[in-house]
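See structure below.
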Amino acid sequence: MVLKDLTPEERQAARQKALDARTTRAKIKSEFADGTLSLAEVFDRADEDEAVARMRTIDLLTALKGIGEIRAQGIMEQCDISLNRRLRGLGHRQRNALIDALGR
């Protein structure tokens, strides 16, 4: 696959877009971790915002205090969610199972 050569302006716009997406995801994880956002609200934002929709589910889970990589993997397996799944890719049953598993 040949990548298109970008002009300096296009490259800068792409950098800014990536930075904005990372900032948005970090803010969502922080608000979810401190309890400001519920999991259902995070799913609602994922339906509206592309940056949130592209967040890996395991990254959101590990943002919670007391949940590390191994525990997050166990929760996802319990909910029949692939470890590579992003928030956009979760179905209604998987979303509800995750909400029930976390109790948030």
Side-chain angles (χ1 to χ4, degrees):
M1 179 176 170
V2 178
L3 296 177
K4 174 185 160 191
D5 288 331
L6 299 176
T7 65
E9 293 82 22
E10 291 172 328
R11 189 174 306 279
Q12 181 59 33
R15 280 190 197 120
Q16 187 61 46
K17 183 180 176 183
L19 178 63
D20 291 345
R22 287 192 299 270
T23 303
T24 299
R25 288 192 289 266
K27 182 179 176 194
I28 291 291
K29 286 192 282 187
S30 174
E31 289 178 355
F32 179 62
D34 67 15
T36 307
L37 275 179
S38 69
L39 192 52
E41 291 170 327
V42 172
F43 290 142
D44 288 342
R45 291 215 185 159
D47 291 337
E48 300 167 356
D49 188 345
E50 180 71 16
V52 180
R54 296 182 75 178
M55 183 187 318
R56 291 180 351 143
T57 305
I58 197 163
D59 289 341
L60 181 66
L61 296 180
T62 56
L64 291 173
K65 191 172 187 175
I67 296 183
E69 191 87 16
I70 299 299
R71 189 162 176 211
Q73 289 176 4
I75 292 170
M76 291 179 69
E77 288 173 5
Q78 172 191 343
C79 298
D80 291 328
I81 300 172
S82 168
L83 297 178
N84 296 326
R85 188 66 62 183
R86 296 182 186 271
L87 293 181
R88 170 191 349 191
L90 296 177
H92 290 288
R93 282 189 300 162
Q94 291 172 323
R95 288 180 177 197
N96 290 334
L98 208 50
I99 290 170
D100 290 343
L102 294 178
R104 300 178 69 145

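Along the sequence shown, residues carry numbers from 1.
Between Leu102 and Leu64 there is a side-chain heavy-atom pair separated by less than 4.5 Å. Looking only at side-chain heavy atoms (C-beta outward), Leu39 and Arg95 stay at 4.5 Å or farther from each other. For the pair Val52/Phe43, no side-chain contact is recorded, criterion being any heavy-atom separation below 4.5 Å from C-beta on. Residues Met55 and Arg88 have side chains not in contact (no heavy-atom distance under 4.5 Å, counting atoms from C-beta outward).
Between Ala46 and Ala53, the shortest heavy-atom distance links the atoms O-CB, 3.2 Å. Between Arg45 and Ile28, the shortest heavy-atom contact is NH1-CD1, 3.2 Å.
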Donor-acceptor pairs are to be reported for all side-chain atoms of residues 68-85 against protein atoms at under 3.5 Å, with residues two or more places apart or in another chain.
unit_1, atom_1, unit_2, atom_2, d
Arg71, NH1, Gly66, O, 3.1
Ser82, OG, Asn84, N, 3.3

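Without hydrogens or angle criteria, Gln16 side chain to Ala13 main chain gives no donor-acceptor distance under 3.5 Å. Checked by atom type and distance alone, the side chain of Ser30 never pairs as donor or acceptor with a backbone atom of Ala26 at under 3.5 Å.
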task = List the steps and the verdict of side-chain contact (heavy atoms from CB on, under 4.5 Å) for Glu31 and Glu41.
result = CA-CA 11 Å; Glu31 289 178 355; Glu41 291 170 327; over 6 Å; no

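Partners of Arg25 by salt bridge (charged side-chain N to carboxylate O under 4.0 Å, His left out), not counting sequence neighbours: none found. Residues passing the salt bridge (charged side-chain N to carboxylate O under 4.0 Å, His left out) test with Arg86: none are found, sequence neighbours excluded.
Enclosure of atom CG in Asp47 by more than 12 non-hydrogen atoms of other residues, nucleotides or ligands within 6.0 angstrom is indicated.
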